[in-house]
Structures are given as structure tokens and as C-alpha cells.
Amino acid sequence: MERYQVVADAAQNLFPAREQMALSLGWHIIFSCFGIAFPVLTVFAEWRGYKRGNPALTQLAHTWAKAMGVLFAAGAVSGTLLSFEMGILWPGLMDRFGEIFGFPFVLEGYAFFIEAIFVGIYLFGWNRMSPRAHMLSALPMIVSGAAGAFFVVAANAWMNNPTGFRLDADGNVVDAHPWSAMFGPSTAAQTVHMLLGAYMVTGFAVASVYAIGMLRGRRDRYHRFGLLIPLTLAALATPVQIGVGDWIANVVAEQQPAKLAAMEGLYRTGDHVPLSLGGLYYDDGLHYAIEVPWGLSLLTHHDPNGVVQGLEETPVDERPPVNVVHLAYNVMVGLGSALLLLAFLFGFTWWRRHRLPKSPWFLRAVAVSGVAAALALECGWITTEVGRQPWIVYGILRTEDAVSPAPGLFLGFYAVAAIYVGLTVLTVVVLRRLAHGSDVAAPQEIDAEPPSEHPEELAVR
């Protein structure tokens, strides 16, 4: 009787546990993007300002550094919550696969601490270090941010394609090799996709802030640089991301055919399969969709004769929620295509005339591009995570068998939601104060200058 009560409790807990993880991951992933890419923008602006002796660029870098510190602090809070949630909500995963799944998170912890140390050095090093030393102090921050992203994505890629171990007759993990597990068939594609997504989200989001300022009449050099630098980064990353999307499609077709079938709403296996855009899936098929002839066969096999596996070959109880995955995938691709068009317009105009497009509609498009990029990223993660269901470890451990049977998970979900609402409001308020308020220098910083890189100048003074 006790066994059946535990199973019933676990089944009841599945919904709040999933909702809490979805909320936590969806919130944290945006702040992770800023942690990965914002330091690159900030240091580049500082370097250009130092090389050119341009105070507008230096001021821009100083403002971005403070915003970067605020976003890093908010991301640290959400990341800490996530680390606890993995063990609290999913003990079935951690108990059985902890020695493999937990290893990249240990390494991510080291990367986070290194990043935090150098974020502090960089923020408090203004006017206390030589310009060269100050910019060099940012390099470990940039590297550790990308490394942390790799370790987290490697853990997720392992959940999609578990490798680096074998199961004995009783289903226990033996011969575990955590290092080889981190470098499974999905790791490289997912990591590159995530890093490029971070540059796109950060670039378009920061550019959108200055586009709004320019629409309000602020056309000074400070706002022009504030738009140009991040928009250039995002515009360079976008077409590469489209190519990486083709790479990921091939990996998914080979390793997770049921996920690909859900992404396209494909029921029957066949060749010359069209690419489906939009539509809804019901009654064992996709309806009201726009079809591109042979598109899916070309995308996955680069051959119109390529055979694509449909959902009919997957047992009904092992199929992901098709409509959720299909619509999320279509929104991601649609927004990515729109951002690609914006990047092309910006790049072509700058190449031909060395200026921004003059139409106010261009600035309006940039103003909404940050939200569009963030939404595309969220839809990408929905496609990845929901498309793996009902498995938490693909083909081995079902999500319902990994959830905690402990009572009160709904209360935990409400508490976490309240924390994120408060954290969001606090972050927005602080960023707005940074944007609209004037900085008050600390007493020791009044009339301070960066140390000279030429000591002989101090003797002359």
C-alpha cells in the first residue's frame, strides 16, 4: 500500500515540478546569455574607447559594466536556485545518474566562481588599474562564462543522448565515464547553438535599448555607438546560427527521430517529405500547414529522396506533445528568419553607404528585436526539452519516474514564482536607475585618473 501511495504522490507532483523547472530555466537562460556575451561587448567598447581616445565609447563601456554587474548578480541567484531544484525535484535522476549528470555541474561551479572573481576585479578596477591590465582582467571572465555555458549544455546534451556508461541486468549504472559522457553526439551542436544564441539575444537586446532612445530623438554619438556595437555582433552571429540550425537538425534526425517528427508534425515515414510551416496536429496528422515540397528530406539528408521517420513508428506513450513542440519550433524558426532579414538589411546598408538605414521602421524593428531574440531562444529550449518527453534521460528514464514524491511541491512552485517576480522587478528598477540617474563618485574616485602605462610621465608631472 505504501508503494502505491508513493507512486500516486509522484504522479501528482509531476505537473508542479515541471512548471517550476520551466519557470526557473526560462528565467535563468536569459540572464545566462548576458553573462556569456555582455562582457565581450563591454570590453570591446572599452578597448575602442582607449585606442581612439573617445570619451563616448569609454562612458558606454562604463555604463555597460555596471549593467553587467547587476545582471550577473540576478543570474547568480537564479542559477543557485536551479542547482537546488535539480536535487529536490528530480531525486530519481540524481540518485541513479548523479555520478555522470552531476560531473559537468561541478565543473560549472568552478567556472562560475572564476567568473564571479573576475567580474568583481573588473568592476572595481576602473580608475585603479592601468587600461591594459583592466581589459586583460576581463579575459578570464569571458572564458569562464563560455566554459560554464558549455558544462551546462553538455549535461543537457547528455540527457538527450546518454552515453559514457552501461547498465547492468538490474538497470544500475556501471562503467561510468563522466568525461566521455560530456562529449556525446549532441554536445558540440547544442553548445555552438547556445553560444550563438547568447550573442544574438544580448546583441539585439542591448541594441534595442538604444534604438528606442534614437526614436525619441537622442542621436548623439553615445547612442549611435550603443546601437552599432551590439547590433553588429548580433548581425554577425545570426547567419551563422541559421547554418548551425541545419547541423542540429541532422543530429536530431539521427539521434532523436521522434523529436524531429514532433517538430514537423510528421506522422507517416516516407521520402520526399515536405517541410511543414504552421498548422495543428490532430487525428494522426498535421492540418492547415503550409508545405515546402521535399523541404524536410533536403534539410535532414540534403537529398530529396531522404527517408524521414514519422511518429507512427514511436509508441503512443513515448511520443512528445506534438503541438507544443511543433508550434515552438515554428516560432523559433520564424523569428530567426525575421532577425536574419534585419541583420542582412543592416549589413548591406552599412557595406554600401557606411551608415544605418534611414527609415524609422529600421529603428522600430531593432527596438523589438531584443524581445524577438529572447522569445526565439525560449522557444528553442521548449523544443529541446518538451521534444525529449516523456523521457528525462532519453530512452532510459521517464520523467514521471524521476520526480520527487515529497508533498508540498506546489508550495515550492509558488515560492519560486514569487522570488522570480521580485527579482525581476528589482532588476528592472536598478537598471532603470542606472540608465536615467547620474552616478555619484565615491570620495576616493573624485578627480581620479587611470594609472599611466608610462611611469616616466609621473616624474614629469
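No experiment lies behind these values; they were computed from the predicted model shown. Excluded from the calculations below are hydrogen atoms, water molecules and symmetry mates; all remaining heavy atoms, backbone and side chain alike, are included. If you read the sequence from its start, that first residue is 1, and numbering goes on from there.
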Quiz item: Side-chain contact, heavy-atom cut-off 4.5 Å: Thr427 with Phe31?
Solution: yes
Quiz item: In chain order, what residues pass the side chain to side chain donor-acceptor pair (under 3.5 Å) check against Glu115, with sequence neighbours excluded?
Solution: none
Quiz item: Could you walk me through whether Ile29 and Leu25 pass the side chain to side chain contact (heavy atoms under 4.5 Å, CB included) check?
Solution: CA-CA 6 Å; Ile29 193 66; Leu25 283 169; 5.9 Å; no
Quiz prompt | Full working for side chain to side chain contact (heavy atoms under 4.5 Å, CB included) between Tyr210 and Ile229 | solution = CA-CA 11 Å; Tyr210 293 91; Ile229 293 174; over 6 Å; no
Quiz item: Quick one: does Arg319's side chain have a donor or acceptor within less than 3.5 Å of a partner on Leu311's backbone?
Solution: yes
Quiz item: Is a donor on one side and an acceptor on the other found under 3.5 Å between the side chain of Thr187 and the backbone of Met182?
Solution: yes
Practice problem: With sequence neighbours excluded, tell me which residues meet side chain to side chain donor-acceptor pair (under 3.5 Å) with Gln20. | Solution: Glu85
Practice problem: May I ask you to test the Val371-Ser208 pair for a side-chain heavy-atom distance under 4.5 Å? | Solution: no
Quiz prompt | Pairwise ring pair (Phe, Tyr, Trp, His ring centres under 6.0 Å) hits with a residue in residues 408-427, at least two apart | solution = Trp27-Tyr420
Quiz prompt | Any donor-acceptor N or O pair under 3.5 Å, side chains Gln389, Arg18 | solution = yes
Quiz item: Do you know which two heavy atoms are closest between Ala373 and Val201, and how far apart they sit?
Solution: O-CG2, 3.6 Å
Practice problem: Measure across Thr42 and Met68 and return the closest heavy-atom pair with its distance rounded to 0.1 Å. | Solution: OG1-SD, 4.2 Å
Exercise. Please list, chain by chain and in numerical order, all residues satisfying ring pair (Phe, Tyr, Trp, His ring centres under 6.0 Å) with His193, sequence neighbours excluded.
Key: none
Self-check item: Counterpart residues, ring pair (Phe, Tyr, Trp, His ring centres under 6.0 Å), relative to Phe151 (two or more places apart)
Solution: none
Quiz item: Would you call Leu41 and Leu233 a side-chain contact if the rule is heavy atoms closer than 4.5 Å?
Solution: yes
Quiz prompt | Pair listing, side chain to side chain donor-acceptor pair (under 3.5 Å) test, anchored in residues 363-388, at least two apart | solution = Asn156-Glu385, Asn160-Arg388, Glu385-Arg388
Quiz prompt | Residues forming a ring pair (Phe, Tyr, Trp, His ring centres under 6.0 Å) with Phe225, sequence neighbours excluded | solution = none
Self-check item: Closest non-hydrogen atom pair, Leu23 against Ala417
Solution: CD2-CA, 3.6 Å
Quiz item: Is a side-chain N or O of Glu312 found less than 3.5 angstrom from the main chain of Thr269, in a donor-acceptor match?
Solution: yes
Quiz item: With side chains defined as the heavy atoms from C-beta onward, is the minimum distance between Ile396 and Phe165 less than 4.5 Å?
Solution: yes
Exercise. Would you please name every residue forming a ring pair (Phe, Tyr, Trp, His ring centres under 6.0 Å) with Phe112, sequence neighbours left out?
Key: Phe72
Quiz item: Is there a donor-acceptor pair closer than 3.5 Å between any side-chain N or O of Thr202 and the backbone N or O of Tyr199?
Solution: no
Quiz item: What side chain to side chain donor-acceptor pair (under 3.5 Å) pairs are there with at least one residue in residues 329-338, not counting sequence neighbours?
Solution: His326-Asn330
Exercise. Work out which heavy atom in Ala189 is nearest to a heavy atom in Val244; give both atom names and the distance.
Key: O-CG1, 4.1 Å
Quiz item: Under the side chain to side chain donor-acceptor pair (under 3.5 Å) test, which residues partner His28, sequence neighbours left out?
Solution: Ser32, Ser78
Quiz item: What's the shortest heavy-atom distance between Phe204 and Thr238, and which atoms?
Solution: CE1-OG1, 3.6 Å
Distance-only check: which donor-acceptor pairs under 3.5 Å involve side-chain atoms of residues 92-106, not counting sequence neighbours?
{"residue": "Arg96", "atom": "NE", "partner": "Gly171", "partner atom": "O", "Å": "3.1"}
{"residue": "Arg96", "atom": "NH2", "partner": "Gly171", "partner atom": "O", "Å": "2.8"}

Quiz item: Do you see a donor-acceptor pair shorter than 3.5 Å between the side chains of His134 and Glu46?
Solution: yes
Quiz item: Which pair of non-hydrogen atoms, one from Leu339 and one from Met200, has the smallest distance, and what is that distance?
Solution: CD1-CE, 4.0 Å
Practice problem: Could you walk me through whether Arg216 and Ile212 pass side chain to side chain contact (heavy atoms under 4.5 Å, CB included), step by step? | Solution: CA-CA 6 Å; Arg216 293 175 178 174; Ile212 293 172; 3.8 Å; yes
Exercise. Classify the ring geometry between Trp47 and Phe44 as parallel (under 30°), tilted (30 to 60°) or perpendicular (over 60°).
Key: tilted
Exercise. Kindly determine whether Trp90 and Thr399 satisfy side chain to side chain contact (heavy atoms under 4.5 Å, CB included), including the steps that lead there.
Key: CA-CA 8 Å; Trp90 312 106; Thr399 308; 3.6 Å; yes
Quiz item: By side chain to side chain donor-acceptor pair (under 3.5 Å), which residues pair with Thr314, not counting sequence neighbours?
Solution: none
Quiz item: Taking C-beta and beyond as the side chain, do Ile142 and Phe118 meet within less than 4.5 Å on heavy atoms?
Solution: no
